[in-house]
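Down below is the structure, laid out as structure tokens.
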Amino acid sequence: MDFEIFTLAATMCREYMEADESKQPERKTLDDRNRMTDLERLRHSCAHVMATAILRLWPDAQFAAGPPVENGFYYDVELQHRISPEDFPAIEAEMKQEIKANRLFEKVVVPREQGLKDSESGRLGGLSERPGNPSKFKLGNLADIPEGEPITYFKSGDFIDLCAGPHVMRTGNIGAYKLTSVASAYYKGDENNPQLQRIYGTAFKNKTELEAYFNMLEEAKRRDHRKIGQEMGLYTIDADFTGPGLPLWLPKGGAIVEELEKLAKETEFLAGYVRVKTPHIAKEVMYKTSGHLPYYAESMFPAMRLPIENEAVVQARIRDIQKNEDRFMDEVPQNSEQFEAFIRDRRSTFTREHKELRQLEAGLEAGELYYLKAMNCPHHHRIFAAEPRSYRDLPLRLAEYGTCYRYEQSGELFGLMRVRSLNMNDSHIYCTPEQFAQEFNAVNEMYLKYFKIFGIEKYVMRFSTHVKEGLGKKYVNEPELWIQTENMVRDVLKTSGINFVEVANEAAFYGPKIDVQVWSVIGREFTLATNQVDFAVPRKFGLVYRDRDNTEKTPLCIHRAPLGTHERFIGFLIEHYAGNFPLWLAPEQVRVLTIGEDEPLVNYAKAIVQELRANMVRAEGDYSNDKINGKIQQAELAKVHTMLVIGPRDMAANAVSVRVHGKGSLGAKPKAEVVADILAAVRERRA
RNA sequence: GCCAGUUUAGCUCAGUGGUAGAGCAGCAGUUUUGUAAACUGCGGGUCGUCGGUUCAAAUCCGACAACUGGCUCCA
């Protein structure tokens, strides 16, 4: 392996990490703030009202920052008393008084000295001066305001706050509000700063909108993939024995996994992909080359140490070479003429042996460590490297449902959405620059095809690009390649009419990337997958193809995973469909329910189940002696897609009575017709 | 990892220091059925784990674990 390239990559990686750590959040300009939407204004004003209410109850409270956020607002407060949801009614009651008083939000521009004075006296973020209790966080905020920018207060009743606004006219404009939760946060997001209590709330123009918001939350709760996953028996997380973040797919969830893989395999086959299969572990050198180690070691499972098979032989050879080197040093002549002849004579042997020594030593040290893979790309790169490649072999599209392991922090784990073992719908497309646009476009088309199948109507592709200043630091220093690949990506996105936004300075280290965000039917946002253009790592792995002109060139690599991971994608689908999967995905597609348990009737039902199963339909039979209403209830609660109710009347007519989950009874139909329709719906993956 | 909350039967949950409960699910019977639950009975628990306080702990205290909300949003 090429040590220089590795060293270079390591250096760049380190620089990237350091650059990332020191990244300061950019300060919002006053212009940005004035672009606040009406709703944000209202929520920010509500934060002031909440602060006023908290001060009425606990006058010594110290406030830090209280911005509007996506679904409401918060205010960070330092207070001896630990605020809990039990305190919310009291705070809300005080807020009600403030809003009823309909106080004016008055803006006052003050000189900096005034700001300092009012911070010292505790007046800022307070209802009155508080001797001995200065507004320390406001003082800190004041220091962040650049010279020349005006310093403004907003005053509503007794409450005066250091604040750039903007606000609504009067507290009475706040139509409907509610406190929602309390969390902890560090002042200015820095863990070296004091920890504050963050009180979250939300506010709307009127009660109707507030209620609609809470109804949406309720609906989201009903659809929560953890709840439905439990109820439907899709997966379980056995924290005690298997481990946290390591989901076990139960048979019903396994059925969904299988269907998704089938879909991916068919789609990818038709798109000219070839399937590969790679192990779950690899030697340390793999991840040193890829750049994961040591800088990403924290998000990988700790290494396992394997004994080196021929350690004794290796060590004997190392000793031999070391002896040779010692002898070489001893034999070096003092005389300069002889020295040159000596060097000429011995140089090639010495360098060969020295290189071997370094390799053996590295092998002793590195070869014994194995890591669980956090990504499939390195394995795929090695498959590319396994044979000499010609431009005629490209594009080479290696696809695999690969299982990766990432050691997410325990607090980050979340149902199926954030796990430690993940099955990726992964593929790496190696292509020439000339082929890039077409390949990238084909990937996008695959996304759109999937969106259609799953009824995903709202999506956006976030196209992240580099900025020149970051070259060689945050981004690999290849100015032309960046511009070239970004232009190619942008052109494809534009000409294909795909919905995308471009975000500067958020690209990956190795190349521009596209994050795909989708919205479920109830409007919850999910990040499904990341597409990445990679022009750096293939080079680190020394991947080349021989081009028409008989020179070796490094291929471009497109990293894509339209179905993301099984874990996250199925989590999304559960919430998207509320567990009511379309027939082709439904864990239990058909259940045949008999009215009574007469033998001929049960035999007729069993024959139908058999016929469906012979056609790979997941069909079950309920031949128990429960009442038919009871059986239907059971099947509906289990979200069985199609129920075939069979009584003596149906058997006599060689028919079945069809009932579809959520749609009710569809009446009796000829058996053959029903079976044919079920098979067609599955085959076509009907919504 | 940090802050907070939660953890009682397979599931959903009640139980504020004095004999561990309900519904559903499971099992055994009875019932013989036409589109969202027929009836009876039975089994099922070291109350997350470990330690402490107490005559007595599911209940009070502490540690740990798992789960959940938050930890990106900046006057």
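Numbered from 1 within each chain, the chains take letters A, B, ... in sequence-line order.
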Checklist line | B:C73 OP1/OP2 closer than 4.0 Å to side-chain N/O of A:Tyr186 | finding: no

Note to self: Please enumerate all residues that pass salt bridge (Lys or Arg N to Asp or Glu O under 4.0 Å) together with A:Arg420, with sequence neighbours excluded.
What the structure shows: none

Checklist line | Sequence neighbours excluded, every pair satisfying salt bridge (charged side-chain N to carboxylate O under 4.0 Å, His left out) that has a member inside residues 109-129 of chain A | finding: A:Arg112-A:Glu147

Next item on the list: Please state the P separation for the pair B:A65 and B:G10 - nearest whole angstrom.
Entry: 24 Å

Quick test: give all pairs of protein nitrogen or oxygen and nucleotides 44-49 of chain B nitrogen or oxygen below 3.5 Å, distance rounded to 0.1 Å.
none

Checklist line | Separation of the P atoms in B:G48 and B:U8, to the nearest angstrom | finding: 6 Å

Notebook entry, point to check: Which is true for A:Gln197 with a 4.0 Å heavy-atom rule: it touches a base, it touches only sugar-phosphate, or it touches nothing?
Noted result: nothing

Checklist line | Rounded distance in Å - OH (A:Tyr235) to P (B:G10) | finding: 19 Å

Hey, what are the protein-to-nucleotides 32-35 of chain B N/O distances that come in under 3.5 Å?
| unit_1 | atom_1 | unit_2 | atom_2 | d |
| --- | --- | --- | --- | --- |
| B:U32 | N3 | A:Glu597 | OE2 | 3.0 |
| B:U32 | O4 | A:Glu597 | OE2 | 3.0 |
| B:U33 | O2 | A:Asp626 | O | 3.4 |
| B:U33 | O2 | A:Lys627 | N | 3.3 |
| B:U33 | N3 | A:Asn625 | O | 3.0 |
| B:U33 | N3 | A:Asp626 | O | 3.0 |
| B:U33 | O4 | A:Asn625 | O | 3.1 |
| B:G34 | O6 | A:Pro648 | N | 3.0 |
| B:G34 | O6 | A:Arg649 | N | 2.6 |
| B:G34 | N1 | A:Asp650 | OD2 | 3.0 |
| B:G34 | N2 | A:Asp650 | OD1 | 3.4 |
| B:G34 | N2 | A:Asp650 | OD2 | 2.7 |
| B:G34 | N2 | A:Ser657 | OG | 2.9 |
| B:U35 | O2' | A:Arg659 | NH1 | 3.0 |
| B:U35 | O2 | A:Arg659 | NH1 | 3.2 |
| B:U35 | O4 | A:Ser657 | OG | 3.1 |

Next item on the list: Hunt down the Watson-Crick or G-U wobble partner of B:G34, both distances under 3.5 Å, from any strand shown, or write none.
Entry: none

Next item on the list: Apply side chain to side chain donor-acceptor pair (under 3.5 Å) to A:Tyr75 and list each qualifying residue two or more places apart in sequence or on a separate chain.
Entry: A:Lys138, A:Asp161

Note to self: Less than 4.0 angstrom from a charged side-chain N to a carboxylate O is my criterion; do A:Arg659 and A:Glu636 meet it?
What the structure shows: yes

Next item on the list: Give one of base, sugar-phosphate or nothing for A:Phe414, where a contact means two heavy atoms less than 4.0 Å apart.
Entry: sugar-phosphate

Check: Who is the Watson-Crick or G-U wobble partner of B:G45, with both distances under 3.5 Å?
Finding: none

Check: In chain order, what residues pass the salt bridge (Lys or Arg N to Asp or Glu O under 4.0 Å) check against A:Arg568, with sequence neighbours excluded?
Finding: none

Next item on the list: With a 3.5 angstrom cut-off on both distances, give the Watson-Crick or G-U wobble partner of B:U53, or none if there isn't one.
Entry: none

Next item on the list: Taking atom P in both B:C71 and B:G21, compute the distance separating them and give it to the nearest angstrom.
Entry: 43 Å

Check: Using purine N1 to pyrimidine N3 plus N6-O4 or O6-N4 for Watson-Crick, or N1-O2 and O6-N3 for G-U wobble, both under 3.5 Å, which nucleotide pairs with B:A9?
Finding: none

Note to self: Please enumerate all residues that pass salt bridge (Lys or Arg N to Asp or Glu O under 4.0 Å) together with A:Glu92, with sequence neighbours excluded.
What the structure shows: none

Margin query: Can you see if the side chain of A:Arg226 gets near the phosphate of B:U68 - specifically, an N or O under 4.0 Å from OP1 or OP2?
Written below: yes

Checklist line | Donor + acceptor pair across side chains of A:Tyr623, A:Asn603 (<3.5 Å) | finding: no

Check: Which residues pass the salt bridge (Lys or Arg N to Asp or Glu O under 4.0 Å) test with A:Glu588, sequence neighbours left out?
Finding: A:Arg591

Checklist line | Rounded distance in Å between the P positions of B:G15 and B:G51 | finding: 28 Å

Next item on the list: Could you work out the separation of B:A63 and B:C3 based on their P atoms and round it to a whole Å?
Entry: 11 Å

Check: Looking only at atom C1', what distance separates B:G62 and B:G23, rounded to whole Å?
Finding: 36 Å

Checklist line | Euclidean distance for P, B:A25 against B:C11 (whole angstrom) | finding: 15 Å

Check: Taking the side chain of A:Gln634 as its heavy atoms from C-beta onward, which of B:U68, B:G70, B:A37 lies nearest to it?
Finding: B:A37

Note to self: Using Watson-Crick or G-U wobble geometry with both distances under 3.5 Å, which nucleotide pairs with B:U40?
What the structure shows: B:A28

Margin query: According to side chain to side chain donor-acceptor pair (under 3.5 Å), who are the partners of A:Ser624, at least two apart in sequence or on a separate chain?
Written below: A:Asp622

Check: Is the closest side-chain donor-acceptor distance between A:Tyr475 and A:Asn505 under 3.5 Å?
Finding: yes

Checklist line | A:Asp515-A:Thr527 side chain donor-acceptor pair, cut-off 3.5 Å | finding: no

Margin query: If I pick the C1' atom on B:G17 and the same atom on B:C13, what distance separates them, to the nearest angstrom?
Written below: 23 Å

Notebook entry, point to check: Within the structure shown, what part of the strands sits under 4.0 Å from A:Leu637 by heavy-atom distance: base, sugar-phosphate, or nothing?
Noted result: base

Item checked: Nearest-Å distance for atom pair OH/P, residues A:Tyr75 and B:G70 -> 22 Å

Next item on the list: With the side chain of A:Pro244 defined as its heavy atoms from C-beta on, choose the nearest nucleotide among B:C11, B:A66, B:C73.
Entry: B:A66

